[in-house]
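Every chain is numbered from 1 and lettered A, B, ... according to where its sequence line falls, protein lines coming before strand lines. Basis for what follows: all heavy atoms, side chains included, without hydrogens, waters or symmetry-related copies. Everything numeric in this text was worked out from a predicted model, so none of it was measured.
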Amino acid sequence: MLREPQQTDVAAWMLQNGPVDGVRQAGVGIGRRGVSDIYVNDLLGLGEANLFAIQSELRENPQAGPDALTSLPFFSLCKGFFLPLMGIAPDRLPGLFGLQPPQPLSPENRDALVETFLERELGLSLAEKVGLIFGDPFRGRAASVRHDTLCHILAQMVFLPISKIREQLIKAGDLPSLFALSTVKKKADTPVASAVVVKTLSHLSSTGRRRRTEVLQDLFQQCGRLERYVLAGLILGKVHLNVSGRQDLILKALSFKYGAGLESLTSAAALLDIFGLCDLLEEKGIEGLKEVTLKPLSPIRPALAGSNIPSDLKFPAWFECKYDGLRLMIHKDTDSQGRVLAGAFTRKRNDWLELIKGVHNLVQLLPCRSAILDGELHGTILDRWGAPRPATVYEVHSYLRGESPVPVNLKYVGFDLVYLNGHDLTGLPFRDRRRNLETLLTPLTGMPLPLPVVLSQGSRVENKEQLNRLYEQYRHQGHEGGMVKVESSTYPIAQRTTNWMKRKPEETLDLVLTAAFWSDPTAAGNRPFDSFIIACRSPEGFKEVGTVAGVDAGTSVQVVQTIMSQNLLTGRTVEHRGSRNTSAGVELAPGLVVSVKFEGIVRPDPDRVALRSPRIVRLRVGEIGPYEANSLEDLHQIQLKHGLG
DNA sequence: ACCCTAGTGTC
DNA sequence: CTCGGAT
DNA sequence: ATCCGAGGACACTAGGGT
């Protein structure tokens with residue numbers, strides 16, 4: 001795992017008990033890089049990645065022994081574990097890694113391999129192993145390194161400009177493959193310890209960007225082809241193991257190891273998440289499970305709406321207004337001295353209590369000892385004629401930051417109650433939870449609080465006509481739409497189920513594609529393009545109004561045919577920075593018209609217009625030409641109609 | 001001291 | 001947030 | 001039917017470049 005130390009007496013003395021003690025004795029710069037760090041690194045000859053891994057480990061665990069990072073070589077992990085489970089096309093293996101395809105494993109043997117991996121002592125903690133099984137070495141936390149940065153690192157390693165890397169990416173496939181092809185080494189000359197890889201990755205986010213790239217580059221440099229492939233895949237979150245029910249396998253293994261019941265583990269995993277569960281078990285053992293119950297001030301991930309309403313919806317059903325805003329779960333607890341504790345958590349369980357004025361006051365007044373409310377933080381705003389209308393989520397956001405040009409009257413719209421006075425209500429049918437919610441909130445609705453609270457509008461509908469009428473009513477009030485809830489359904493923590501189903505307006509425009517971006521050729525779906533620029537007509541030609549995701553494989557064929565037959569390629573290439581990476585593409589002459597469905601128009605500044613949640617619903621090839629596409633004027637009309645802008 | 005970029009979380 | 005593909 | 005990863009807009013923030 002180590003490079004040759006420099007032959008100095010000091011270094012030899014420092015290293016006599018191994019690199020962990022060496023770094024400890026050097027005793028400087030733990031967790032922070034300074035001049036002395038570079039000196040230590042030179043002195044000990046550890047290399048950036050090893051030094052970083054040891055420092056991270058020492059920061060977390062100052063008593064770490066000399067063999068703290070002793071573990072299975074990363075190459076063995078890749079070859080014996082990832083390779084057989086990743087399901088790479090066998091014919092790619094010789095070219096990518098210089099390896100012959102391994103024996104294909106039966107599904108049972110794949111499961112067995114995962115089980116063995118969990119059981120065997122490999123120098124990795126349980127939580128670390130679980131992270132690897134899920135292809136998430138960051139264990140649910142932020143990766144802190146994205147696609148573009150990896151391109152940058154690769155470019156530096158092979159002395160090529162990034163543009164060349166992007167070019168190769170179009171042809172060669174995904175970034176991990178390109179990393180594999182960036183060396184002739186089949187495996188690391190000196191084995192890289194798996195623990196060094198895992199510790200490096202999991203602590204990467206706690207250091208600066210520059211250091212991150214240094215450390216990663218050093219790690220990649222040590223690795224051979226297969227190791228580079230897996231490492232890049234892990235960082236990008238693209239390592240998907242071909243095993244059924246990973247979570248179940250892991251829970252089973254946990255059950256075996258700790259002697260805990262599967263049921264209690266499953267519910268604990270829903271409340272925490274699988275990584276939180278592992279950390280808890282490692283820290284506190286089976287005793288720790290007792291603390292994992294639904295209770296106030298322990299945030300949970302809320303239930304999510306599953307889909308659109310099916311045409312054969314069963315009646316009667318519950319139909320309620322869908323408010324545009326921020327999902328917020330409000331918690332109340334009362335301690336033994338009678339002090340009230342409050343919490344306000346977002347979907348990702350971030351605590352926003354301090355950010356939202358008035359939550360504490362609202363919680364004080366809730367007529368109960370303890371509760372967990374589910375609802376939406378929603379706003380009302382005065383339009384240009386002085387009439388109130390529901391604010392959009394963007395307006396709520398900007399108001400919370402104190403940057404809204406006009407005041408937004410916030411209120412909390414409660415729509416579910418999952419906990420009340422010491423009782424977990426998630427197992428009750430929705431209609432009972434709703435009744436409890438009404439009892440709890442009715443005394444407070446209409447009171448002039450710093451953060452007013454209301455019940456979500458909603459009622460039982462007996463048929464489609466009633467549902468439609470209500471829907472139109474909500475839309476007329478300016479709300480996002482409506483939501484059907486199955487009255488008999490329980491509250492599915494952290495799950496997207498069809499217990500809740502959305503209905504939103506379907507607005508479409510005919511727009512022109514003015515650029516197409518290459519997809520990853522190794523990705524599923526086999527489509528040449530995975531996103532497009534959409535544009536509308538305007539006095540100054542075609543005006544970009546955003547980008548839109550690609551179409552399905554079949555439609556994609558038609559797109560390509562149209563581009564070819566109508567000669568739409570201008571010959572110019574374009575780049576576009578998406579939310580995850582920068583992709584390369586080709587400019588298109590106006591010719592391809594598509595119907596784009598979207599949820600509204602957002603306008604960051606008067607000069608730019610963009611669509612909210614745009615997607616292509618169908619091609620209009622042979623139906624209308626680019627000069628019949630919708631115009632900027634049409635977009636402005638829609639904006640006015642909805643009172644926006 | 002300032003501006004820009006990459007990463008993150010909200011929908 | 002929405003969608004398609006895989007399962 | 002369900003899950004998961006692909007894609008979208010927006011706006012903040014810390015860290016790094018200049």
Side-chain angles (χ1 to χ4, degrees), chain A residues 87 107 134-136 138 141-152 174 204-213 235-240 242-247 304-308 310 322-328 346-350 352 355 376-377 392-398 400-404 480-481 492 495-498 502 504 506 517 519-520 523-527 529-534 544-556 576-583 596-605 608-617:
Chain A
F134 275 93
D136 181 8
F138 311 101
R141 298 208 314 274
S144 80
V145 178
R146 294 281 262 268
H147 192 275
D148 283 5
T149 304
L150 281 194
C151 283
H152 194 88
D174 57 359
L204 223 41
S205 62
S206 57
T207 190
R209 271 210 298 272
R210 197 210 211 122
R211 183 83 199 278
R212 290 204 287 258
T213 54
I235 294 169
L236 294 172
K238 290 178 82 159
V239 173
H240 307 303
N242 212 347
V243 283
S244 55
R246 293 171 302 186
Q247 177 134 346
L304 300 172
S307 65
N308 294 327
K322 187 170 193 303
Y323 300 80
D324 195 10
L326 291 150
R327 189 70 174 275
L328 199 69
T346 64
R347 251 175 74 168
K348 291 228 169 141
R349 295 180 289 180
N350 291 324
W352 278 27
L355 200 62
E376 195 89 5
L377 183 67
T392 66
V393 60
Y394 303 114
E395 289 163 334
V396 173
H397 245 135
S398 88
L400 283 175
R401 290 190 314 271
E403 283 170 17
S404 175
E480 228 190 333
Q495 286 179 78
R496 199 178 279 284
T497 66
T498 47
K502 281 172 287 205
K504 291 205 220 170
E506 308 204 334
F517 298 95
S519 68
D520 168 356
N526 195 27
R527 305 168 296 179
F529 303 116
D530 58 14
S531 59
F532 303 94
I533 291 182
I534 43 182
E544 180 176 339
V545 293
T547 54
V548 66
V551 291
D552 66 86
T555 316
S556 201
H576 168 251
R577 209 190 131 211
S579 46
R580 275 153 203 83
N581 59 22
T582 302
S583 42
V596 177
K597 194 150 86 173
F598 58 97
E599 313 256 311
I601 294 173
V602 283
R603 199 161 63 154
D605 64 73
R608 276 175 57 206
V609 185
L611 307 184
R612 182 172 172 186
S613 301
R615 63 271 188 197
I616 296 175
V617 282

*asked:* Which heavy atom of A/S613 sits nearest to which heavy atom of A/E599, and what is that distance?
replied: CB-CG, 3.5 Å
*Starting at atom NZ of A/K597, determine the distance to atom C1' of C/dC1, rounded to an integer number of angstrom.*
13 Å
*asked:* Heavy-atom nearest nucleotide on DNA chain D for A/T547 versus A/Q495: which residue maps closer to 5'?
replied: A/Q495
*Whole angstrom is fine here: how far is it from CZ in A/F598 over to P in D/dG8?*
18 Å
_Heavy atoms from C-beta onward define the side chain here; which of D/dG15, D/dG8, B/dT10 lies closest to that of A/H397?_
B/dT10
*A/R615 side chain N/O closer than 4.0 Å to the phosphate oxygens (OP1, OP2) of C/dC3?*
yes
_Looking at A/T392, is its backbone amide N or carbonyl O close enough to the side chain of A/D324 to form a donor-acceptor pair, meaning the two atoms are under 3.5 Å apart?_
no
*Locate the shortest heavy-atom distance separating A/I534 from A/P614; write the atom from each residue and the value.*
CD1-CB, 4.3 Å
*Heavy atoms under 4.0 Å, any strand shown: does A/G325 hit a base, just sugar-phosphate, or nothing?*
sugar-phosphate
*Name the nucleic acid region contacted by A/H576, choosing base, sugar-phosphate or nothing; use a 4.0 angstrom heavy-atom cut-off, strictly under.*
sugar-phosphate
_Ignoring hydrogens, what is the shortest heavy-atom contact between A/I235 and A/A143? Give both atom names and the distance._
O-CB, 4.2 Å
*In terms of the nearest nucleotide of DNA chain D, which residue is placed more toward the 5' end: A/G208 or A/V545?*
A/V545
*asked:* Taking only side-chain N and O atoms of A/N350, does any of them lie within less than 4.0 angstrom of OP1 or OP2 on B/dT10?
replied: yes
*asked:* If the cut-off is 4.0 Å, is A/T149 near the phosphate of B/dG7, judged by side-chain N/O to OP1 or OP2?
replied: yes
*What nucleic acid atoms does A/S519 come within less than 4.0 Å of, heavy atoms only: base, sugar-phosphate, or nothing?*
nothing
*Measure from the side-chain heavy atoms of A/S144 and tell me the nearest of B/dT10, C/dT2, B/dG7.*
B/dG7
*Identify which nucleotide among B/dA6, C/dC3, C/dC1 has an atom closest to any side-chain atom of A/R577, counting heavy atoms from C-beta outward.*
B/dA6
*Under 4.0 angstrom, heavy atoms only, what part of the nucleic acid is A/R327 near: base, sugar-phosphate, or nothing?*
sugar-phosphate
*Minimum heavy-atom distance between A/V548 and A/R615, given as atom pair plus value*: CG2-CA, 3.5 Å
*Starting at CG of A/L377 and ending at P of B/dT10, how long is that distance when rounded to a whole Å?*
13 Å
*Under 4.0 Å: is that the gap between some side-chain N or O of A/H240 and OP1 or OP2 of D/dG5?*
yes
*For A/D520, answer base if it contacts any base atom (sugar-phosphate contacts may also be present), sugar-phosphate if it contacts only those atoms, and nothing otherwise; contact means non-hydrogen atoms under 4.0 Å.*
nothing
*Have a look at A/R210 and say if it touches a base, only the backbone sugar-phosphate, or nothing, with a 4.0 Å heavy-atom cut-off.*
sugar-phosphate
*A/E599 CD - D/dG7 C1' separation (whole Å)*: 14 Å
*asked:* Less than 4.0 angstrom between a side-chain N/O of A/K502 and OP1 or OP2 of C/dC1, yes or no?
replied: yes
*Describe the nucleic acid contact of A/T346 in one word from base, sugar-phosphate, nothing, applying a heavy-atom distance below 4.0 Å.*
sugar-phosphate
*Would you indicate whether A/R496, at its atom CZ, is surrounded by more than 12 heavy atoms from other residues, nucleotides or ligands within a distance under 6.0 Å?*
yes
*With heavy atoms under 4.0 Å as the rule, sort A/T498 into base, sugar-phosphate or nothing.*
sugar-phosphate
*Could you state the CZ-P distance from A/F517 to D/dA6, rounded to the nearest angstrom?*
18 Å
*Would you say A/H576 has more than 12 foreign heavy atoms packed within less than 6.0 Å of its NE2?*
yes
*Looking at every strand, decide which applies to A/R146 at a 4.0 Å heavy-atom threshold: base, sugar-phosphate, or nothing.*
base
*Look at all strands and tell whether A/V145 reaches a base, only sugar-phosphate, or nothing, counting heavy atoms closer than 4.0 Å.*
sugar-phosphate
_Measure CG/A/N581 against C1'/B/dT8 and give the value in whole Å, please._
15 Å
_Of the listed nucleotides (D/dG16, D/dG8, B/dT10), which one gets closest to any side-chain atom of A/R209?_
D/dG16
*In whole Å, what is the span from the CD1 atom of A/I601 to the P atom of C/dC1?*
21 Å
_Distance, rounded to the nearest Å, where A/D324 contributes CG and D/dA9 contributes C1'_ = 13 Å
